[in-house]
2 protein chains.
Amino acid sequence: MSEQPAMTPAAERVLEVVEKLFYDNGIHAVGVDMIAAEAGVTKKTLYDRFGSKDAIVRLYLERRDARWREHVTAVVEQPGRFGPRRRVLLMFDALESWMAAENPRGCAFVNALAELPDPDHPARPAIASEKQWVLDYLRRLVRDTGARNPRKLAASLFMLFEGAAVAASVDVVPGAVAGARDAARQLLDAAL
Amino acid sequence: MSEQPAMTPAAERVLEVVEKLFYDNGIHAVGVDMIAAEAGVTKKTLYDRFGSKDAIVRLYLERRDARWREHVTAVVEQPGRFGPRRRVLLMFDALESWMAAENPRGCAFVNALAELPDPDHPARPAIASEKQWVLDYLRRLVRDTGARNPRKLAASLFMLFEGAAVAASVDVVPGAVAGARDAARQLLDAAL
DNA sequence: AGCGATGTATACTGACCGGTATAGCTACTA
DNA sequence: TAGTAGCTATACCGGTCAGTATACATCGCT
């Protein structure tokens, strides 16, 4: 998380273009020369600011995670004061709008994990953190509904959630996220 | 599917080593020189047999798909003559043993999709075909149970299925596949 | 006997990989 | 006014990328 160190304008431009380049093409497929060219920055500047490509990859994931969390909380914690059951289902609405707007190629963190098999890669904590946050957030929402066995239910919803992202990106199930929300509703109502 | 053209011994060795190399390291991270060295084959032979790396990637996915389908059908269509409801749940047992034995880094097809954004890549049909087969197989199994709205239920089970693979590989949900099977049982029983 | 298929070994191409080096410019600030 | 942070421009490093070229050995088959 935390983008504390007040990026310079050139660094900011790098992180902006990298978001699209990495997500659209995959991480390995994008070289530092391409990043520098696309951001209108020299490689010297790029290495002065970030030190390595791996560090840029880490920041790419951390910033995407931050945007994603903002999106989710903005949808779920609308000022409308929805009840706890409704808030659980709003998670799937948040996923649906996110998929359409930003995620047509599937979860960026799952995709990054596919490309970064090294458990010690500096970007791995960002991947684990995003997944853990989604699971924890679901747990909190589920707990508020007073459902029986909230941890287990949250785990099931988490898997529906991740599966919906896969199904939507692979494009074999029409209306995937909406279907996942309906299934989530069933599981939820059965546990109340 | 279909590995018709009777591979030569050297070609067979290439396809054997490539399965492990591509799955463990990702596709971009494995060069043709590494493949040739690991298979004990010259690059000349490699290109005589396959023509391009992309063709090898396609065969890698097709052969993995074939093994996966054999695994699933062997588990689900055991000679024990289980009933249709039980056969649906056996799909998740098949996934559980597959994850432990062959899939610790998540679904090879989802991972490949992350690395191959080009819709015209020769390996893309293999990816789509695997996902379509799983969905179709679930649809058939669900239909046999006589459940209401079998297409919709199959779609939900498909998402639980894919989500369980993600959850297991990301390792935030203990007992992910077993939890997905329990959720699948709930959805199934609610539709009978 | 001869040919084609299958293979080895080695060397090469041009492009790109992540990362570094050197030199010079501008703007802010101590 | 001198220093420094941030930047551009260009050239370079060794290594690897996918793919090709050349030359030669071994085998089975007709």
Side-chain angles (χ1 to χ4, degrees), chain A residues 3-19 21-61 112 114-118 120-124 126, chain B residues 3-19 21-61 111-112 114-118 120-124:
Chain A
E3 45 180 300
Q4 61 272 46
M7 294 290 166
T8 64
E12 201 61 49
R13 248 180 300 146
V14 167
L15 293 177
E16 268 165 36
V17 305
V18 119
E19 175 122 9
L21 287 175
F22 281 155
Y23 183 76
D24 289 347
N25 303 106
I27 292 168
H28 281 334
V30 177
V32 287
D33 297 87
M34 185 190 294
I35 295 171
E38 209 72 18
V41 156
T42 60
K43 277 171 67 172
K44 174 78 159 50
T45 297
L46 196 153
Y47 277 91
D48 282 350
R49 291 305 126 235
F50 302 104
S52 71
K53 182 188 176 181
D54 284 349
I56 300 177
V57 172
R58 194 187 103 240
L59 286 168
Y60 150 62
L61 290 171
E115 292 203 77
L116 308 176
D118 175 11
D120 296 324
H121 191 285
R124 285 291 287 267
Chain B
E3 44 179 301
Q4 61 272 44
M7 294 290 166
T8 65
E12 201 61 49
R13 249 179 301 146
V14 167
L15 293 177
E16 267 165 37
V17 304
V18 119
E19 175 121 10
L21 287 176
F22 281 155
Y23 183 76
D24 289 347
N25 304 105
I27 292 168
H28 281 335
V30 177
V32 288
D33 297 87
M34 185 190 293
I35 296 171
E38 209 73 19
V41 156
T42 59
K43 277 172 65 171
K44 173 79 159 51
T45 297
L46 198 152
Y47 276 91
D48 282 350
R49 292 303 126 240
F50 302 105
S52 72
K53 182 187 176 181
D54 285 349
I56 300 177
V57 173
R58 194 186 102 240
L59 286 168
Y60 151 62
L61 291 171
N111 290 358
E115 291 203 76
L116 307 176
D118 175 11
D120 295 325
H121 191 284
R124 286 291 287 267

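The basis for the numbers below is simple: all heavy atoms, side chains too, and nothing from hydrogens, waters or symmetry mates. A, B, ... follow the sequence lines: proteins, then strands. Residue 1 opens every chain.
B:Glu115 contributes no side-chain N or O that, together with a main-chain N or O of A:Ala114, makes up a donor-acceptor pair within less than 3.5 Å.
By the 4.0 Å N-to-carboxylate-O rule, A:Asp48 lies close enough to A:Lys44 to be salt-bridged with it.
Nearest heavy-atom pair, A:Asn25 versus B:Pro117, reported as atom, atom and distance to 0.1 Å: O-CG, 3.7 Å.
Within the 4.0 Å cut-off from OP1 or OP2 of C:dA5, not a single side-chain nitrogen or oxygen of B:Thr8 is found. The phosphate of C:dT8 (OP1 or OP2) has a side-chain N or O of B:Thr45 nearer than 4.0 angstrom.
When the nearest nucleotides of DNA chain C are assigned to A:Lys44 and A:Val32 by heavy-atom distance, the more 5′-ward of the two goes with A:Val32.
Note on B:Gly51: nothing from the nucleic acid sits closer than 4.0 angstrom, heavy atoms only.
With C:dG7, C:dG18, D:dG6 as the candidates, the nucleotide lying closest to the side chain of A:Arg49 is D:dG6. For B:Tyr47, counting side-chain heavy atoms from C-beta on, the closest listed nucleotide (C:dT20, D:dT8, D:dT20) is D:dT20. For A:Ser52, the side-chain atoms get nearest to C:dG19 when compared with the rest of C:dG19, D:dT8, D:dG19.
Contact of A:Lys53 with C:dG19 (side chain to base): no donor-acceptor pair of N or O atoms is detected under 3.5 Å.
Proximity of A:Val30 to A:Glu38: side-chain heavy atoms (C-beta onward) are nowhere separated by under 4.5 Å.
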